[in-house]
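Values below: every heavy atom of this structure, side chains too, minus hydrogens, waters and symmetry copies. The shown structure was predicted, so the numbers you read here are calculated from the model rather than taken from an experiment. Along the sequence shown, residues are numbered consecutively beginning with 1.
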Amino acid sequence: SVYLNPQGISISENGNRAVIWISAEHVALNTKNELLAVMLHEFAHYKNEDTKFYARNYAFKTIPENVPSVIAREIFTSELYMQTLINAELFEILSSKNREINADAAVKNSPYSQDFINATAKGALFGIYSSYPWGEMCYDVYKGETPVTDFSHRNLANFKEKYKIYGEKWNYTLSHELPQRVDSHPTFKERAEKFGLPPVYTPTIETDPEFLAEQDKLLSYSDSASIKGINQKDYALEREYSYTERKNAMDKYNSDTVNADFLPAHEKIECAQAFMNIDDEKALKILDEIINQSPSTLALYLKGVILAKN
């Protein structure tokens, strides 16, 4: 079975059947051979029975939710069960990185080792991009009174545009990232070095028209899936918060009838937050005004957030 998953590409198991989870954007970023390399890694998890391990662990952790009787629930909320649950969770966390390394071995010994490192870099770069609340994806998409119908296409296009601006910085991050003491996955740098390859990403582009058409078809399917089940009332509430309130705050600051210099500090903070990720220069200007008038911890923090991104 194959399901959409905005977080990336992964594999799980349900009743001895492999379940593939894919992000349309991640698939669209990869060449055919890069996607093949990623799938080789994921099915190595299945062959190594990692998927069985995670399935058993999940079933154990959710026992209290599924037992029918009060007595059984008492047993599975006992101190012994809770301690066993903590130990199981801890073992899952501590063993995860080693499971990734073992699955990598299947790709390292294949003709697709460079393709896998390229795909790993693309996934990591897209992860860095996704960690920021870009104005195009958290403000512009709410301008209309109905949800946009091309979210995945927009998201991929926005990533490519941002990569042109921040790519050098993001690549530096990948090639210099220090591993955490405990982590679920090796860093890009660790993986590249383990494969005997330099921790440097060189952009690759697919040229096969048939594969490109399939990638676009998946993006279109993801576009459709993203708006299925969206309640108009819920969308209106989200639009009010993400677009209307922010636009009102920006309009207030830019208004000819309001002297922005005399706005209270808390209103200026609201205006600066409204401009953040849409017009960072304007946001910095407002924050500097606040800081120069009366040092504000929040203003200094927000300024740091903007400077760190840029």
Side-chain angles (χ1 to χ4, degrees), residues 1-27 37-108 116-117 119-133 173-174 176-195 199 225:
S1 303
V2 181
Y3 294 94
L4 285 174
N5 170 28
Q7 302 303 317
I9 301 175
S10 61
I11 192 169
S12 63
E13 187 168 331
N14 184 10
N16 294 322
R17 290 183 62 198
V19 179
I20 297 291
W21 302 87
I22 58 173
S23 153
E25 288 93 324
H26 280 77
V27 170
V38 172
M39 287 298 137
L40 184 57
H41 167 90
E42 296 304 333
F43 277 101
H45 279 304
Y46 187 80
K47 181 175 180 293
N48 296 342
E49 299 194 346
D50 296 335
T51 50
K52 286 189 186 298
F53 167 77
Y54 289 118
R56 286 195 299 266
N57 233 27
Y58 177 77
F60 178 70
K61 288 186 286 187
T62 55
I63 286 175
E65 301 170 17
N66 300 315
V67 290
S69 71
V70 174
I71 296 174
R73 278 198 294 272
E74 283 293 322
I75 293 171
F76 289 109
T77 54
S78 66
E79 183 178 347
L80 176 62
Y81 171 77
M82 296 308 293
Q83 188 58 55
T84 307
L85 182 65
I86 292 169
N87 291 339
E89 188 75 27
L90 185 61
F91 180 69
E92 181 176 319
I93 293 169
L94 294 176
S95 66
S96 176
K97 185 172 180 178
N98 194 56
R99 294 175 192 279
E100 290 297 323
I101 292 170
N102 289 339
D104 285 352
V107 192
K108 182 183 177 184
F116 181 69
I117 294 303
T120 301
K122 288 178 178 180
L125 290 167
F126 194 79
I128 294 174
Y129 159 80
S130 300
S131 68
Y132 293 109
T173 299
L174 289 193
H176 291 79
E177 184 180 4
L178 296 174
Q180 299 181 47
R181 185 166 176 266
V182 177
D183 203 355
S184 62
H185 289 67
T187 65
F188 166 72
K189 182 181 179 183
E190 284 181 302
R191 273 182 158 144
E193 290 175 345
K194 200 83 173 176
F195 277 55

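Taking CD1 from Ile9 and NE2 from His41, the interatomic distance works out to 10.5 Å, rounded to the nearest 0.5 Å. Here the CZ atom belonging to Arg191 is positioned 13.0 Å from the NZ atom belonging to Lys108, to the nearest 0.5 angstrom. In this structure, Ser12 OG and Tyr54 OH are separated by 12.0 Å, a value rounded to the nearest 0.5 Å. A distance of 4.0 Å separates CG in Asn16 from NZ in Lys52, rounded to the nearest 0.5 Å. Between the NZ atom in Lys122 and the CD1 atom in Ile117 there is a gap of 13.0 Å [rounded to 0.5 Å]. From Ile11, atom CD1 reaches atom CG of Asp50 across 9.5 Å, with rounding to the nearest 0.5 Å.
Shown here for Ala225 and Leu4, the closest heavy-atom pair between the two residues is CB-CD1, 3.8 Å. Closest of all the heavy-atom pairs between Glu177 and Lys189 is O-CD, 4.2 Å. The minimum heavy-atom distance between Phe195 and Val107, with the atom names listed, is CE2-C, 4.1 Å. In terms of heavy atoms, Pro186 sits closest to Lys97 at CA-CE, 3.8 Å. Annotation for Ser184 and Ser96: closest pair O-OG, 3.0 Å, computed over non-hydrogen atoms. Across all their heavy atoms, Leu40 and Ala106 have their closest contact at CD2-O, 3.9 Å.
Relative ring orientation between Tyr46 and Phe43 is described as perpendicular, the plane-to-plane angle rising above 60° on a 0-90° scale split at 30° and 60°. By the 30° and 60° cut-offs, the orientation of the rings of Phe126 relative to His26 is perpendicular.
Glu190 and His185 form no side-chain donor-acceptor contact under 3.5 Å, judged by distance and modelled atom types alone.
The residue from Glu42, Lys47, Glu49 that alone fulfils the side-chain contact (heavy atoms from CB on, under 4.5 Å) condition with His45 is Glu42.
In this structure the side chain of Leu174 reaches within 4.5 angstrom of the side chain of Ile128, judged on heavy atoms. Between Glu100 and Asp183 the shortest side-chain heavy-atom distance does not fall below 4.5 Å.
Heavy atoms of other residues, nucleotides or ligands lying less than 6.0 angstrom from CG of Asn14 number 12 at most.
Contact check on Asp104 versus Lys194 returns no salt bridge, with no Lys/Arg side-chain nitrogen under 4.0 Å from an Asp/Glu carboxylate oxygen.
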